[in-house]
Each structure stands twice: as C-alpha cells, then as structure tokens.
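Scroll down for the structure; my scribbles are underneath it.
Computation of the quantities below employed the complete heavy-atom set of this structure, encompassing side-chain atoms and omitting hydrogens, waters and symmetry-equivalent molecules.
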Amino acid sequence: ADTHTAPAWLVEGSKPGFEAFRRTWLSPAVSITEVGRGPLHRHGRHIPHQASCVVSVRTTPCQRHDDVVGALYRHLRHEFDKRRSPNNLEMETLVASDWWEAKTTSHIYRAARKGLAQAWGLEESAVLEVREGGTMSMLPVLEAELGCDAVQMALSQASAAVHLPNERIAAKVLAHGIDAIVGTLLGVAAAPTP
C-alpha cells in the first residue's frame with residue numbers, strides 16, 4: 001500500500017505562496033503554447049484569413065483525457081458560437097494520454113529520493129515529492145513496454161525558466177543534478193533483485 005503523506009506546509013496551505021504553488025502544480029491547467037497565422041495573401045495582405053493555436057492541457061491524477069478534451073471542445077465551441085461568426089472553428093487533438101503517478105514503494109522512486117537528498121545535502125524527508133506527471137505521456141508507455149517502474153526527477157529550480165526562451169541552469173544546480181542521477185543509479189544497482 002502507498003503510505004505517501006504530503007509535508008504539513010503543503011497540506012495546510014496557510015501561506016499565499018504555498019497556495020499559488022498548489023494551484024499551479026497540483027491543479028489542472030490550460031496553456032496556449034503556440035499561436036500561428038495562415039499563409040500571407042498573394043497580394044501581401046497582412047491580415048490573415050486564418051489563425052491557429054496549440055492548447056496544452058495539464059491534467060491531474062484520476063482525470064480521464066477523453067473527459068478533459070471533451071470539456072475543452074464543448075467550451076471552445078460554445079464560446080465560438082456565441083460570437084455568431086461566419087468563420088469556421090476546427091479542432092484537432094494532437095496527443096492525449098493517460099495520467100501517471102509514481103509508485104512511492106518502488107526501488108527506483110526510493111533511490112531517486114535518496115539520490116536527490118544526498119546531492120543537495122538534505123534529509124530525505126525534506127525532498128519535495130511531486131509524484132505525478134499527467135502530461136508526461138511517455139512514462140506510462142515506458143512502464144508498460146519495459147515492464148518496470150519509472151520516476152521523474154526535477155533537476156532545476158524555478159528560476160531556470162524551463163521551456164522558455166531564456167531557459168538557463170546554474171552550474172551548481174547542474175552539478176547537483178548529475179550527483180542526484182549518479183546517486184539514483186547507485187541506489188538502483190544496490191537494490192535487491194525481485
């Protein structure tokens with residue numbers, strides 16, 4: 001059985017910063033990750049006759065992607081129809097996958113937690129556990145194909161601006177990340193085979 005308990009500061013959520021953290025990382029979210037326009041008119045007109053966007057939906061455990069996609073389609077159709085535009089709305093699902101949640105009892109999970117704690121000089125109990133990756137579609141596929149457990153390890157800090165044009169990682173943080181991976185692999189190698 002999974003005996004996971006969240007840190008008290010996260011459960012209580014009594015501080016505004018922690019509430020923002022909880023809302024950002026533990027709740028479903030919708031982001032527009034790309035906006036585009038159609039081809040230029042042959043006369044060079046700059047007002048495009050079509051537009052496109054890519055919408056990314058971050059799910060949380062126990063949400064079914066079919067339900068989330070259906071709700072998003074219904075919402076977009078409703079808002080578009082309210083405008084009574086002569087234009088057309090076309091929607092296409094590019095990728096949808098099931099949610100994923102790490103097994104805290106697995107050898108890889110315990111090794112990763114210990115590796116992160118050692119790399120950063122922390123007690124294991126101080127390592128923040130983010131056990132789910134609802135939008136990380138490759139993890140359930142890897143687990144099924146390879147017949148093993150998987151784990152995600154965050155190796156950067158919020159200031160790294162991950163996935164943004166100014167993405168960066170401090171050399172010290174990168175060194176700690178390498179140490180965490182080494183510690184994890186050593187922990188997995190030392191684990192008894194089932």
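The nearest pair of heavy atoms linking Ala119 to Asp179 is CB-CB, 3.8 Å. Here the closest heavy-atom approach between residue Leu116 and residue Ala180 is recorded as CD2-CB, 3.6 Å. The two atoms that bring Asn88 and Phe80 nearest to each other are C-CZ, 3.8 Å, heavy atoms only.
With sequence neighbours excluded, the residues forming a ring-ring contact (aromatic ring centres under 6.0 Å, His included) with His176 are Trp120, listed by chain and number. Not counting sequence neighbours, the partners of Asp81 by the salt bridge (Lys or Arg N to Asp or Glu O under 4.0 Å) test are Arg77.
Residue Glu123 places its CD atom among 12 or fewer non-hydrogen atoms of other residues, nucleotides or ligands, all under 6.0 Å distant.
With values rounded to the nearest 0.5 angstrom, Ser52 atom OG is found 6.5 Å from Glu34 atom CD. Residue Arg83 holds its CZ atom at 9.0 Å from NE2 of His78, rounded to the nearest 0.5 Å. Distance CG/Leu139 to CD/Glu101: 12.5 Å, rounded to 0.5 Å. Here the CG-NZ distance, from Leu186 to Lys114, works out to 10.0 Å after rounding to the nearest 0.5 Å. Distance NZ/Lys172 to CG/Leu174: 13.0 Å, rounded to 0.5 Å.
With hydrophobic clusters built from ILVMFWY side chains whose heavy atoms lie under 4.5 angstrom apart, Val68 does not share a cluster with Val54.
When atom types are taken as modelled, the side chain of Arg168 and the backbone of Asn166 share a donor-acceptor pair closer than 3.5 angstrom. Not one N or O on the side chain of Arg110 forms a donor-acceptor pair closer than 3.5 Å with the backbone of Thr104.
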For this session: Kindly determine whether Val173 and Leu155 satisfy side chain to side chain contact (heavy atoms under 4.5 Å, CB included), including the steps that lead there.
Result: CA-CA 7 Å; Val173 174; Leu155 302 177; over 6 Å; no
Problem set entry | Derivation of the side chain to side chain contact (heavy atoms under 4.5 Å, CB included) call for Thr184 and Met153 | CA-CA 10 Å; Thr184 299; Met153 295 173 63; 3.4 Å; yes
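Side-chain atoms of Cys53 and Val55, non-hydrogen and from C-beta on, do get closer than 4.5 Å to each other. Residues Glu92 and Leu94 have side chains in contact (heavy-atom distance under 4.5 Å, counting atoms from C-beta outward). Residues Leu72 and Val57 meet the side-chain proximity criterion, which asks for heavy atoms closer than 4.5 Å.
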Using a 3.5 Å cut-off and no angle test, enumerate the donor-acceptor pairs between side-chain atoms of residues 140-149 and protein atoms at least two apart in sequence or in another chain.
from	atom 1	to	atom 2	distance (Å)
Glu143	OE1	Trp100	NE1	3.1
Glu143	OE2	Trp100	NE1	3.2
Glu143	OE2	Ala150	N	2.9
Asp149	OD1	Lys103	NZ	3.3

